[in-house]
Amino acid sequence: MKSYPRIKTVGDSALVVEFGEIIDLSVNYQVYGLAEAIEVARVRGITGLIPTYRSLLIEYDALMVSFQEITMVVEKVLHQVTEPANVIDEQGGELLEIPVVYGGKSGPDLVNVAEYAGISTEEVIEIHTSLVYRVYMLGFLPGFAYLGGMDNRIACPRLETPRIRVPAGSVGIAESQTGIYPVESPGGWQLIGYTPVPLFNHASEPPVALHAGGFVRFVSTGLEKIKRI
């Protein structure tokens, strides 16, 4: 039986603290809780913190501190990390509403998702827009937010053959995750819609619109309004 949290070595200058094996809001709160506690403690020798869905990668200067020393400090800080009693009431992060036009050329895979789920396209849209999604982590592309908390009724596997070009602003589904392509890129997610909201601008500060720990709600919007936006 696996016990969490647990600490594992990663190479000669990093360790990872794992809090579980699933995409879960309470697990993700512990990840960011530890990251925040380490930042507040100003732990000597740590050079970087990389949070994911379920774990925190901690990079350190091996010439300044040893793995054993970092482990002892992290174990001490871990005791200060507590899971919120009610993670729904204590979300706290910024909520951004994102307008989306679903289906058609804007969402060429919406029909595929509906057929896979055994429901209508209207029901897919209703389900997709009914929830508030947690920004669990950023990765893959600059500003690409992995959004968790999607209803499993519309979970759908990735495309067997990824597209060479996915337009910026495309809203997609992959397994139990949903997300938005911030820039044009290759990709294999099922595309169900499009948003004109810019999610990455290298000239802005900060350059990304979505931040880990924040929340997103999708709003179904007509094509004409999307064009005006």
* Atom pair CD1 (I70) and CD (Q68), whose distance is rounded to the nearest 0.5 Å -> 10.5 Å
* Structure fact -> Residues passing the side chain to side chain donor-acceptor pair (under 3.5 Å) test with R42, sequence neighbours excluded, are none
* Apart from I164 itself, what residues make up its hydrophobic cluster, given side-chain heavy atom links below 4.5 Å? -> none
* Asked: What distance separates E18 CD from Q30 CD, expressed to the nearest 0.5 Å?
  -> 13.0 Å
* To do: Please indicate whether E175 has more than 12 foreign heavy atoms, meaning atoms of other residues, nucleotides or ligands, lying under 6.0 Å from its CD.
  => yes
* **Donor-acceptor contact below 3.5 Å, side chain D24 vs main chain V27** => yes
* Tell me, yes or no, whether the heavy-atom count around E59 atom CD, taken from other residues, nucleotides or ligands under 6.0 Å, exceeds 12. => yes
* Asked: Would you find a donor on one side and an acceptor on the other, under 3.5 Å apart, between the side chain of T195 and the backbone of G193?
  -> no
* Do you reckon I125 sits in the same ILVMFWY cluster as V111, going by side-chain contacts under 4.5 Å, direct or chained? -> no
* To do: Kindly write out the residues that satisfy salt bridge (charged side-chain N to carboxylate O under 4.0 Å, His left out) with E184, not counting sequence neighbours, or none if the list is empty.
  => R165
* Asked: From E115 CD over to T121 OG1, what is the distance, rounded to the nearest 0.5 angstrom?
  -> 10.0 Å
* Return yes if a side-chain donor-acceptor contact under 3.5 Å exists between S120 and E123, otherwise no. => yes
* Please walk me through it: do R6 and V17 pass side-chain contact (heavy atoms from CB on, under 4.5 Å)? -> CA-CA 6 Å; R6 62 186 183 190; V17 183; over 6 Å; no
* Asked: For N28 and R54, what are the C-alpha separation, side-chain angles and deciding distance, and is it a side chain to side chain donor-acceptor pair (under 3.5 Å)?
  -> CA-CA 6 Å; N28 196 242; R54 65 181 189 91; over 6 Å; no
* To do: Might you work through the side-chain contact (heavy atoms from CB on, under 4.5 Å) test for Y181 and F200, ending with a clear yes or no?
  => CA-CA 10 Å; Y181 286 80; F200 175 74; over 6 Å; no
* **Sequence-distant partners of K105, salt bridge (charged side-chain N to carboxylate O under 4.0 Å, His left out), two or more places apart** => none
* Counterpart residues, ring-ring contact (aromatic ring centres under 6.0 Å, His included), relative to Y146 (two or more places apart) -> F144
* Would you name the heavy atoms of V74 and I58 that are closest together and state the gap between them? => CG2-CD1, 3.8 Å
* Which pair of non-hydrogen atoms, one from I23 and one from S176, has the smallest distance, and what is that distance? -> CD1-OG, 4.1 Å
* Asked: Is it the case that one hydrophobic cluster holds both V132 and M137, taking links as side-chain heavy atoms less than 4.5 Å apart, direct or via other members?
  -> yes
* Is there any ring pair (Phe, Tyr, Trp, His ring centres under 6.0 Å) pair reaching into residues 40-65, and which pairs are they, with sequence neighbours excluded? -> Y53-Y136
* To do: With sequence neighbours left out, write down each residue that passes side-chain contact (heavy atoms from CB on, under 4.5 Å) with D109, or none if nothing qualifies.
  => N112, L159, R163, Q190, L191
* Asked: Who pairs with E75 by side chain to side chain donor-acceptor pair (under 3.5 Å), at least two apart in sequence or on another chain?
  -> none
* Hydrophobic cluster identity match, V113 and I119, side-chain contacts under 4.5 Å -> yes
* To do: Without swapping roles, check the side chain of S55 against the backbone of T52 for a donor-acceptor pair under 3.5 Å.
  => no
* How many angstroms lie between NZ in K8 and CG in L57, if you round to the nearest 0.5 Å? -> 12.0 Å
* Indicate yes or no: at least one non-hydrogen side-chain atom of I154 is less than 4.5 angstrom from one of I192. => no
* **Interatomic spacing from CD in E126 to CG in D151 - rounded to 0.5 Å** => 10.5 Å
* Structure fact -> Scanning both residues in full, the closest heavy-atom pair of V65 with G45 reads CG2-CA, 4.1 Å
* To do: Dump the intermediate steps for side-chain contact (heavy atoms from CB on, under 4.5 Å) on E39 and L49, then the final yes or no.
  => CA-CA 9 Å; E39 289 178 345; L49 300 172; 3.7 Å; yes
* How long is the gap from CG on L141 to CD1 on I180, to the nearest 0.5 Å? -> 12.5 Å
* Residues which pass ring-ring contact (aromatic ring centres under 6.0 Å, His included) with F67, listed by chain and number, not counting sequence neighbours -> none
* Asked: Do R44 and M64 come close enough that some side-chain heavy atom pair is under 4.5 Å?
  -> yes
* Not counting sequence neighbours, list each pair that qualifies as a ring pair (Phe, Tyr, Trp, His ring centres under 6.0 Å) and has a residue in residues 98-130. => Y102-H128, H128-Y133, H128-F218
* Asked: Hey, quick one: are V135 and I50 part of the same hydrophobic cluster, counting side-chain heavy atoms closer than 4.5 Å, chains of contacts allowed?
  -> no
* If you group Ile, Leu, Val, Met, Phe, Trp and Tyr by side-chain heavy-atom gaps below 4.5 Å, do V16 and L34 land in one group? -> no
* Closest heavy-atom pair and its distance - A37, V77 -> CB-CG1, 3.4 Å
* Asked: Of all residues at least two apart in sequence or in a different chain, which pass the side chain to side chain donor-acceptor pair (under 3.5 Å) check with R158?
  -> none
* **Test side-chain contact (heavy atoms from CB on, under 4.5 Å) applied to V216 and I98, step by step** => CA-CA 7 Å; V216 168; I98 296 181; 3.8 Å; yes
* Structure fact -> Scanning both residues in full, the closest heavy-atom pair of V197 with P99 reads CG2-CD, 3.6 Å
* Structure fact -> W189 and G179 have their tightest heavy-atom pair at CZ3-N, 3.5 Å
* Asked: Is the side chain of S170 donor-acceptor paired with the backbone N or O of V166 at a distance under 3.5 Å, no angle test?
  -> no
* Looking at residues at least two apart in the chain, or sitting in another chain, which of them share a side chain to side chain donor-acceptor pair (under 3.5 Å) with Y32? -> none
* Asked: Is a side-chain donor or acceptor of S185 paired with a backbone partner of G187 at a separation under 3.5 angstrom?
  -> no
